[in-house]
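Computed from heavy atoms alone, side chains included, the values below leave out hydrogens, waters and symmetry copies.
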Amino acid sequence: MKFRFKIWHFVLIVCGVIIIFRFSYIIDIISLLLSYIKFLFSNFSLAIEQLNFQMADVFISAILIFISPILIFFRRNKVKLLGGKIGFTSVAIILLLFFFIFSPLIATVNPEFQKNLNVTKLLPPLSKLKVLHLTEVENRKQNHLAEFLENKNKVVKRSFEDEIIFIDSLKLISKDSTIYFQNNNVIEVEEGKIEFIGGKPEISERIFILGTDELGRDTFSRLVYGTRVSLLVGLGAVIISLLLGLSLGFLAGFTSGIIDTILSRITDMLLAFPMIFLIILILALFGNSLFAVIIVLGFTGWMSLFKIVRGEVISIKGKEFFISAKMIGLSNFNLLKNEILPVIAASVIVNLIFQYGNVILAEAALSFLGLGTGGSYPSWGQMIEAGQSYLTSGWWMILFPGLILFITLFAANNLGKEINVYFNPAMKK
């Protein structure tokens, strides 16, 4: 029998690659989890205070990376989507979802991490730097709290680390004297500061797969975490657009009369006005944050769905099955849920997929203009804006975020077309 590479095969391969390449990090997460459980039993209230979003994010990602392949393997024949043929669109969407869910496992450092700017800034892709490890003053593993904090420092990615220094090379002058070099600058290390293993200084290597930006931050990690921002903004805005477009479209098409006229005129007015100017005006007046961007993009993107739902409701409400359902006393909500939604589901889904891509592009444009999610979160648009000042010396800063944005939009549009063809086979050539 001829082997056919399916979507579930690809998902299992990606899970396996992450587990293999990040195995030591996953072991550290397990150690952190065990030390945290012991800490919970020794001092429950203090342990709860130590728990934060970053720790919970790491724990959930580590658990899901083992549970997901098992569930997918046993559900592969029951979920039709998993048995689909692999293609560019499915590969792109799966990788984006992995970036979104497993960001702590895929990204090697905190997206805002910066240290020793004189040697880390504007490093090209696949650059390597030596990392000199320093000793820590506190005495470790005296109690459950100290053990937990030690494991936490290994697992939870920080924006700054005192325990390491990026260097070009190291030279031991004597037993108690050591110097290191950074861009030909000689710097002496204080006595007793260097971590020694087997009589030699502990030096490791860090690879920057996609290089670094002007502040020495890892481009790959910022791309991975930027996926979360783009997909989350798209999801939140599309949900708001769905609720507004569906409810207002049903109300206008079902009631007709003055309500339909008012809602239709408001929609036409909003469609005629360039929405990007309205979005910029609102964000400039009321401030930009992740929540604000989701709300604004959601409230300015429902009009096309309104038109679709209104037109479909007007055509459906004259059909015999709808009249019969209305005569037996179904409420307006049940009419929408049982009689209208199944009929217009295909049109709504396709519209939302295209809307999703438009929202991601709008968020990137706002971030490019400095009106996106602010400086708290890495954003593709923000990265592109920063890269335009370094086109010659740091071309990778604008190439990789631009490329992943293009792939995301292309995959979203392809998915919308494929879903449209699935519901309307006559469109297939």
Side-chain angles (χ1 to χ4, degrees), residues 18 21-22 24-25 54 58 95-96 98-100 102-134 153-170 180-185 187 202-230 364 367-368 370 372-408:
I18 293 175
F21 281 92
R22 300 292 283 162
S24 60
Y25 182 67
Q54 284 184 306
V58 168
L95 291 179
L96 288 171
F98 267 87
F99 283 177
F100 182 85
F102 302 110
S103 294
L105 297 181
I106 296 174
T108 54
V109 295
N110 187 300
E112 299 299 327
F113 176 82
Q114 47 186 304
K115 186 81 181 278
N116 303 127
L117 187 60
N118 56 334
V119 292
T120 57
K121 69 176 182 179
L122 296 178
L123 293 176
L126 300 179
S127 295
K128 292 182 181 180
L129 278 182
K130 291 183 174 65
V131 180
L132 176 64
H133 296 262
L134 305 179
N153 287 338
K154 291 180 181 179
V155 170
V156 177
K157 302 176 178 69
R158 294 167 288 167
S159 58
F160 185 84
E161 295 180 22
D162 290 319
E163 303 85 7
I164 64 171
I165 299 175
F166 290 103
I167 64 174
D168 294 324
S169 59
L170 183 75
Y180 62 86
F181 298 86
Q182 292 179 333
N183 282 343
N184 297 322
N185 294 320
I187 305 174
E202 183 182 358
I203 298 178
S204 60
E205 273 192 342
R206 182 169 294 182
I207 302 176
F208 299 92
I209 300 174
L210 300 182
T212 61
D213 63 9
E214 78 282 9
L215 297 177
R217 297 173 298 189
D218 182 55
T219 302
F220 177 72
S221 296
R222 292 180 62 77
L223 280 179
V224 171
Y225 277 94
T227 305
R228 282 189 162 182
V229 173
S230 295
S367 295
F368 183 85
T373 56
S376 303
Y377 310 96
S379 168
W380 296 340
Q382 188 184 68
M383 294 174 70
I384 293 172
E385 189 277 332
Q388 68 176 342
S389 302
Y390 300 92
L391 286 175
T392 54
S393 57
W395 51 267
W396 55 90
M397 288 177 59
I398 197 170
L399 173 65
F400 295 118
L403 186 61
I404 195 171
L405 179 61
F406 169 78
I407 291 173
T408 302

**Q** Keeping the roles fixed (side chain from N116, backbone from V119), state whether a donor-acceptor pair exists under 3.5 Å.
**A**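 Here the side-chain-to-backbone pair does not exist.
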**Q** Would you check, one step at a time, whether the test side chain to side chain contact (heavy atoms under 4.5 Å, CB included) holds for L95 with I407?
**A** CA-CA 11 Å; L95 291 179; I407 291 173; over 6 Å; no
**Q** Is the NZ atom of K130 crowded by more than 12 outside heavy atoms at less than 6.0 Å?
**A**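 Counting other residues, nucleotides and ligands, NZ of K130 stays at 12 neighbours or fewer.
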**Q** Do R222 side-chain atoms and P111 backbone N/O form a donor-acceptor pair below 3.5 Å?
**A**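 Yes, R222 side chain to P111 backbone: donor-acceptor pair under 3.5 Å.
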**Q** Distance from D168 atom CG to L129 atom CG, nearest 0.5 Å?
**A**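 Result: 7.0 Å between the selected atoms.
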**Q** Who passes salt bridge (Lys or Arg N to Asp or Glu O under 4.0 Å) against R22, sequence neighbours left out?
**A**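 Partners of R22 by the salt bridge (Lys or Arg N to Asp or Glu O under 4.0 Å) criterion come out as none, since no residue qualifies.
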**Q** Is any side-chain heavy atom of V109 closer than 4.5 Å to a side-chain heavy atom of R217?
**A**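 They are not in side-chain contact.
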**Q** How long is the span from the CH2 atom in W396 to the OH atom in Y390, to the nearest 0.5 Å?
**A**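 One gets 11.0 Å once the value is rounded to the nearest 0.5 Å.
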**Q** Using a 3.5 Å distance criterion without hydrogens, assess whether the side chain of W380 forms a donor-acceptor pair with backbone atoms of L223.
**A**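 Yes; at least one donor-acceptor contact below 3.5 Å.
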**Q** A side-chain contact here means heavy atoms from C-beta on lying under 4.5 Å apart; do L126 and F208 qualify?
**A**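 A side-chain contact is absent here, since even the closest heavy-atom pair is not under 4.5 Å.
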**Q** Would R206 pass as a cation-pi partner of F113, given that its NZ or CZ must be under 6.0 Å from the six-membered ring centre and within 45 degrees of the axis?
**A**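 Geometry flag: set, cation within 6.0 Å and 45°.
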**Q** Just one of I404, L105, I106 clears the side chain to side chain contact (heavy atoms under 4.5 Å, CB included) bar with V224, so which one?
**A**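 Testing V224 for a side chain to side chain contact (heavy atoms under 4.5 Å, CB included) against I404, L105, I106 leaves exactly one candidate, I106.
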**Q** So, for A107 and K157, which heavy atoms are closest and what is the spacing to 0.1 Å?
**A**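 Result for this residue pair: O-CE, 2.9 Å.
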**Q** Keeping T219 on the side-chain end and G211 on the backbone end, is there a donor-acceptor pair under 3.5 Å?
**A**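 Here the side-chain-to-backbone pair exists.
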**Q** What are the two closest non-hydrogen atoms of G216 and L117, and how far apart are they?
**A**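 Minimum heavy-atom separation between G216 and L117: N-CD1, 3.8 Å.
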**Q** With rounding to the nearest 0.5 angstrom, report the CD to NZ distance, E214 to K121.
**A**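 Reported to 0.5 Å precision, the distance equals 10.0 Å.
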**Q** Compare all side-chain heavy atoms of F368 with those of Q388 and state whether any distance is below 4.5 angstrom.
**A**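 Side chain of F368 against side chain of Q388, heavy atoms only: contact under 4.5 Å found.
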**Q** Looking only at heavy atoms, which two atoms of S221 and T108 are closest? And how far apart?
**A**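 Result for this residue pair: OG-N, 3.6 Å.
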**Q** At what distance, to the nearest 0.5 angstrom, does CG of N110 lie from CD of Q54?
**A**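 That separation rounds to 6.5 Å.
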**Q** Hey, does the side chain of T212 reach the backbone of D218 with a donor-acceptor pair shorter than 3.5 angstrom?
**A**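 Looks like no, no N/O pair under 3.5 Å.
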**Q** What's the shortest heavy-atom distance between S204 and H133, and which atoms?
**A**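 That would be OG-NE2, 2.8 Å.
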**Q** I need the L210 CG to L123 CG distance, nearest 0.5 Å.
**A**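 Result: 12.5 Å between the selected atoms.
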**Q** Whether the side chain of K115 engages the backbone of E161 through a donor-acceptor N/O pair (distance < 3.5 Å, no angle test) should be reported.
**A**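 Yes; judged by distance alone, with no hydrogens or angles, the pair exists.
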**Q** Taking side chain as C-beta onward, heavy atoms only, is Y25 less than 4.5 Å from V58?
**A**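 They are in side-chain contact.
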**Q** Within a strict 4.5 Å, meaning less than it, do heavy atoms of the E385 and S367 side chains meet?
**A**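 No, side chains not in contact.
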**Q** Which atom pair, heavy atoms only, marks the closest approach of L122 to S393?
**A**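 Here L122 and S393 meet closest at CD1-OG, 4.1 Å.
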**Q** Would you find a donor on one side and an acceptor on the other, under 3.5 Å apart, between the side chain of S230 and the backbone of T227?
**A**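 Side chain of S230 to backbone of T227: no pair is present.
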**Q** What distance do I165 atom CD1 and L134 atom CG have between them, rounded to the nearest 0.5 Å?
**A**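 CG of L134 is found 4.0 Å from CD1 of I165.
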**Q** What class does the angle between the rings of F400 and W395 fall in, given that below 30° is parallel, 30 to 60° is tilted and above 60° is perpendicular?
**A**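 The rings of F400 and W395 sit tilted, inter-plane angle from 30° to 60°.
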